[in-house]
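Reading through the structure tokens given below for one structure.
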Amino acid sequence: MGGRAKAEAELKQLAEQIRYHEAAYRAGAPEIPDSAFDDLVDRYQELADDLGIDAEERVDVRPGEDHTAGFETVEHRVPMLSLEKLSPNRRDSSGEPMSLEDQLSAWFRRRQKELEIDEVPVIVEPKVDGISVSLLYVGGQLARAVTRGDGQRGDVITKQVRQLGTVPLKLKGVRKGELEIRGELYWPLTEFARHNATLEKPLINPRNGCAGMMKRKDPAGLETTGIRAFLYQVAWDEGVTLPPTQLEMLKWLADRGGEVYLSEVFRTSSDAEALRYCEDYDARRQKLDYDIDGMVIKIDDLAMYARLGATGHHPHWGVAYKFPPERKPTKVLDIEVSVGKSGKLTPVAILEPVFVSGTTVSRASLHNFVELERKDVRVGDTVLVEKAGEIIPQVVEVDKSRRKRGTRRFVPPSACPTCGTEAVSEEIFVYCPNPACPDQVRERLRHFASRGAMDVDGMGEVLVDQVVDKLGVRSPDDLFRLDVDALASLDRMGKKSALRVKAGLDEAKGRGLGRVLNGLAIRHVGETMAEDLAAYFKTADALLEFAARYVAEDEDAIETVAPSKSTERGAIDGLARKSADSIFHELDSPAVRRVFEGLAEVGVDLGVEAADVREVADVAGKTFVLTGTLPTLKRTEATKLIKGAGGKVSGSVSKKTDYVVAGDEAGSKLEKAQTLGVSVIDEAELRSLLGSA
Ligand code: AMP
Ligand code: ZN
């Protein structure tokens, strides 16, 4: 692959991951820490910038969005943008890796050109890992405090900030004019630890803890948490005389009674020196009583800020440096081989638990046996583990100097560890070819029910395991045949939960062909490919009919997806001959055909109704959750109507849900909506939103 193709492939993958984790977050069950999500988004924006992708074509992610239901929101006079980042993964236009030195020097040169100056004095500051806050002072008095929100509008947290008592309520010596100060609310590590010691269920990290605290509706007690704020910028001002440089601004803010990190900053006009300061700071940051996630390099002369533009995402006056990911040594206790949903055998290192970049890691995928062989990881080895921008823990390398005598190279299995079927190799991967392999069946069903696929409310991995083990479920259509009594007989289930799962299954029937295809775990069919196939073929019948022709080597069929002329594009973006061969063979197999027949029998929608979306302003882009029995609409019908108007339907309520549509006997979802302050509407109100009342 060329540099551009590679970058495009990575961009696509990132977009999928972002959508997945965004959905998980929306559903109130995030799987990765916010900082890892931010890393994904940063990398995505950076690649999209490099590739010149238009804003409208990007996945819709707003920086660290933090709106909470029940908070008043206000528009920021100056948007609170994120910062451009220097990145170890950046490549130049020809696909060559770019060093941090080169990136920073290019940044300096661009600023020199824009400003028509030869020297660019900058200030290097720690990038505090807290939550941003905008503080409005009128006549020197704190009048309002607002979070970053989506960057354009934030939540008003004035009461909470006042209660802290650590942000100045009055700016010393300022009695007139207005100004907006930007700063970072943060929880000092010692204070955080002290507070955590008093809790039954400790908070995971200071940043999220601080964010949660500042969103408490009742501010009482916040003054004892120890949360503080660094002030670092004046975003706009009227009628106040301010100093001309960032360095003096920090001093000015300190003189007004604010907390600043003056002792930590460095001034220079040399890009090389600025970078060295950042790199050296990595050692120094271990001694700080607060977390930082990088450094910010800012132009010192404030008069120049107005002369520099901004892109939609970043201001041009600064750029952020990120520290290389934390790496920790730990021991390999064992190497297990796991069987994936499509039969892929993956070696997994079982590790002595180690705390890395915010979470405890005890397993790390070793990806495949070729990679394992290259790294030569052995049971008993000491390895270095990191999480990088990748959320998934990685074994970076083996510390060979600490290898004990008598360890042995890991030998790839010749048979499936679960069912014993002889393993087959395909390229660098090894597969269990037995579709009835118990591990595969289980993994496929887990995937089918999961949020990224059919999103069956109430059907988590534990329940899937139970229906496989105790109720003999083997195929996706079996799930829809489960009856309430059988479900109610399972561990930790009762009539109520069983009803909920049954309703979740009914609702999932209406998700459409794209989700079904994604859910079937066909090799080479991820979320995007599934949607593309669904959009093109429209119905399962048309798709299967095509697959049969393709497999019979019908020339028209092959020509449609893989044109013989290399200048032409196939009907489905990103589908090349090789993967097409594999996908259509699998679709045409008796096993997959049986599944489709079964799904049709139980009434799963195998078409694409979203094809004729007619957006309705009040519904488009909004997320709905259905609960209880509606007076006239079935769940599948309501789902269709909402999707047809451009809305989304999710299985569970989170603070990002826009509406809960509640009917009779609405259960826990309604309660959750009420505690989160999500709007609850009935069928009539839904119809009026849809304009069909
Ligand atoms: P990001 O969201 O990672 O692109 O970075 C932008 C955010 O960094 C801002 O919204 C601030 O909350 C935060 N930040 C922390 N420390 C600083 C600093 N010294 N200068 C500017 N922004 C900072
Ligand atoms: Zn097997």
Side-chain angles (χ1 to χ4, degrees), residues 34-35 37-46 61-66 76 78-87 122-135 146-151 154 181-186 207 210-211 229-235 246 249-250 253 259-262 264-266 278 281 288 290-299 305 310-311 313-315 317-322 337-346 389 413-424 430-444:
D34 292 0
S35 56
F37 184 78
D38 294 347
D39 286 343
L40 282 176
V41 173
D42 286 345
R43 174 71 185 138
Y44 177 85
Q45 299 291 20
E46 169 192 310
V61 274
R62 273 141 288 179
E65 187 169 346
D66 70 2
H76 297 303
V78 182
M80 295 179 84
L81 300 173
S82 48
L83 289 163
E84 184 184 337
K85 315 269 178 334
L86 303 175
S87 156
V122 294
I123 298 291
V124 188
E125 305 177 358
K127 185 161 180 288
V128 181
D129 193 16
I131 62 165
S132 1
V133 64
S134 146
L135 304 163
V146 186
T147 67
R148 176 149 103 171
D150 62 11
I181 296 178
R182 297 265 165 97
E184 196 80 359
L185 289 161
Y186 72 99
R207 178 183 191 255
C210 175
F230 280 122
L231 309 187
Y232 58 78
Q233 189 190 358
V234 174
Q246 172 65 5
M249 182 65 90
L250 290 174
L253 288 167
E259 187 185 4
V260 297
Y261 37 58
L262 205 53
E264 305 305 314
V265 310
F266 174 65
C278 292
Y281 205 89
L288 299 174
Y290 47 91
D291 280 335
I292 66 176
D293 61 349
M295 304 293 285
V296 190
I297 300 162
K298 299 177 179 174
I299 292 177
Y305 285 30
T311 65
H313 311 289
H314 316 302
W317 47 255
V319 63
Y321 165 91
K322 291 179 134 188
V337 175
S338 76
V339 186
K341 56 189 190 300
S342 54
K344 193 189 279 175
L345 303 184
T346 305
S414 55
C416 171
T418 305
C419 70
T421 309
E422 193 178 329
V424 295
V430 180
Y431 290 92
C432 160
N434 169 17
C437 171
D439 271 359
Q440 284 190 50
V441 168
R442 181 188 318 272
E443 290 297 326
R444 275 202 301 272

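These numbers come from a predicted model, not from an experiment. Just so you know, residue 1 is the first one in the sequence shown, and it goes up from there. Order of appearance sets the numbers: ligands from 1, and atoms from 1 within every ligand.
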[X] side-chain N/O to [Y] backbone N/O, donor-acceptor pair under 3.5 Å:
X	Y	value
R148	L81	yes
R444	P435	yes
E184	G130	yes
K85	L83	yes
Q440	N434	yes
Y232	L253	no

Element-labelled atoms of ligand 1 that are located less than 4.0 Å from some non-hydrogen atom of [X]:
X	value
S82	1 (P), 2 (O), 4 (O)
K85	1 (P), 3 (O), 4 (O)
Y261	18 (C), 19 (N)
R148	2 (O), 6 (C), 7 (C), 9 (C), 10 (O)

Exercise for the section: Tell me whether the centres of the aromatic rings in Y290 and F230 are closer together than 6.0 Å. Expected result: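 Between Y290 and F230, the centre distance is under 6.0 Å.
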Applying a strict 4.0 Å limit to heavy atoms, is [X] in contact with ligand 1?
X	answer
G318	no
R182	no
E184	yes
K298	yes

Practice task
Work out which heavy atom in T418 is nearest to a heavy atom in C437; give both atom names and the distance.
Solution key: CB-SG, 4.2 Å
Handout entry: SG (C432) to the Zn ion (ligand 2) to SG (C419) angle, given to the nearest 10 degrees
Key =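 So the angle at the metal works out to 100°.
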Handout entry: C437 SG and C416 SG subtending at the Zn ion (ligand 2) (10° steps)
Key = 120°
Exercise for the section: Please say whether V296 places an N or O atom under 3.5 Å from an N or O atom belonging to ligand 1. Expected result: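 Such a contact does not occur with ligand 1.
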Exercise for the section: Could you say whether the N/O atoms of V128 and ligand 1 ever approach to under 3.5 Å? Expected result: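 The answer is yes, given that V128 and ligand 1 share an N or O pair closer than 3.5 Å.
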Practice task
Apply side-chain contact (heavy atoms from CB on, under 4.5 Å) to the pair E125 and L250, showing each step before the final yes or no.
Solution key: CA-CA 11 Å; E125 305 177 358; L250 290 174; 3.8 Å; yes
Handout entry: Side chain, backbone, both or neither: P126 near ligand 1, heavy atoms under 4.0 Å
Key = backbone
Fill in the blank from the handout: Honestly, for K127 the part within reach of ligand 1 (heavy atoms, under 4.0 Å) is both
Handout entry: Of the listed options Y186, F230, W317, Y232, closest to atom 11 (C) of ligand 1 (non-hydrogen atoms)
Key =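 Closest candidate by heavy-atom distance is Y232.
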Problem - V337 vs V430, side-chain contact (heavy atoms from CB on, under 4.5 Å): CA-CA, chis, key distance, verdict - result: CA-CA 11 Å; V337 175; V430 180; over 6 Å; no
